[in-house]
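To start, the structure itself, in structure tokens.
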Amino acid sequence: MLLLSQYLKHHKTEDTLAELIDTLMLACKEVAIQLREGELAGVLGSTDNTNVQGETQKKMDVIANDLLKKFLLDNPLVAGLASEEEDLPVAGNPDGKFLVIFDPLDGSSNIDINVSVGTIFSILELPEGASGADESAYLQNGRKQLAAGYVLYGQSAVLALTTGQGVNFFTLAHTGDFILTRENVQVPTQTKEFAINMSNHRFWEDSMRTYIGDLLEGSEGPRGKNYNMRWIASMVAEVHRVLTRGGIFTYPWDQRDPGKPGKLRLMYEGNPMSMLIEQAGGIASTCYINILDLEPKEIHQRVSVALGSADEVNTLLEYHNDHSGVAAQLNS
Ligand code: P6P
């Protein structure tokens, strides 16, 4: 039984990075405790506020965001943080070395129906001479991430973590320790399982309609095999399924708001999940280029996402080989 701290030490993770990951886990353990109490703690339901995304904030969105801010800003290593629930970055210690970007509770629309949600995080180094108060310091290409991961609050609380040396799962024990439960996670290259919100079908590009249509034709169609579909409406749960048994998850650009690249956010959903997927041997694309190759322009910018089993994502990319449309322009 290897504790998270022992694993990081054994794999020579730089000391201050290991310390920061430990701080993040202290916050996530508190989130897990609140979620476990649920109705009993009065943490379900919504607030009267909307966040910068224009979404109604759930009580747990605010509680999780406040817990992460408290623990991170108490750590002098943190120069600043950015959150889905914060309009602007929040400055930490001016002498700190790390920036932390997070979605405190991804999938929170599932809170009141007791379906899995999660905390997604991305860790960057503060650029030389920059300040954690400035948005520009956070706008770093996804390949600059020092570490990325999520804590999925399901039947068990599971941390999926990469520091650039592969992906590992750690399960939260009753002792409060995260214990290594799966080492060197690998995404199977092929799959028969896809995840997309089918209710948006009429708004997709023709290329996506054709790709999904061919999946639905099953063994009689051009793909020559039957597929199963999943949609949890919680990216963190979908990505955990893909890391665990393969699959393709996609939330593509659509015509509902054609000026938006997609629904999901690049800095605290796309980039951290893409680092995990690539580190586990999968592919994470905008449907046009690798997500980790995008140059960010603003902290809450959105992105089209197609990630998972390498062979399946490559097939999706073959359907999206025309890069002349607005979706490709917004996602390249
Ligand atoms: P829809 C949750 O709000 C989220 O950002 C992702 O976790 C999830 O995959 C997606 O949105 C669900 O979107 O349109 O199905 O509600």
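Remember, it's 1-based here, ligands and their atoms both numbered in the order they're listed. We're numbering straight along the sequence, starting at 1.
- Side chain of Glu55 to main chain of Asn51: no donor-acceptor pair is present (N/O by atom type, distance under 3.5 Å, no hydrogens or angles).
- Of the N and O atoms on the side chains of Ser199 and Asn197, at least one donor lies less than 3.5 Å from an acceptor on the other residue.
- Every protein residue with a heavy atom nearer than 4.0 Å to ligand 1 is included here: Asp106, Gly107, Asn197, Trp231, Ala233, Ser234, Met235, Phe249, Tyr251, Lys263, Leu264, Arg265, Glu269.
- Screening residues 152-164 for side chain to side chain donor-acceptor pair (under 3.5 Å) gives Thr119-Tyr153 as the qualifying pairs, with residues at least two apart or on separate chains.
- Using modelled atom types, one finds a donor on one side chain and an acceptor on the other under 3.5 Å when comparing Asp61 with Ser108.
- A donor-acceptor contact shorter than 3.5 Å links the side chain of Asn110 to the backbone of Ala233.
- For the residue pair Ser219/Asn226, the side-chain donor-acceptor check at 3.5 Å is satisfied.
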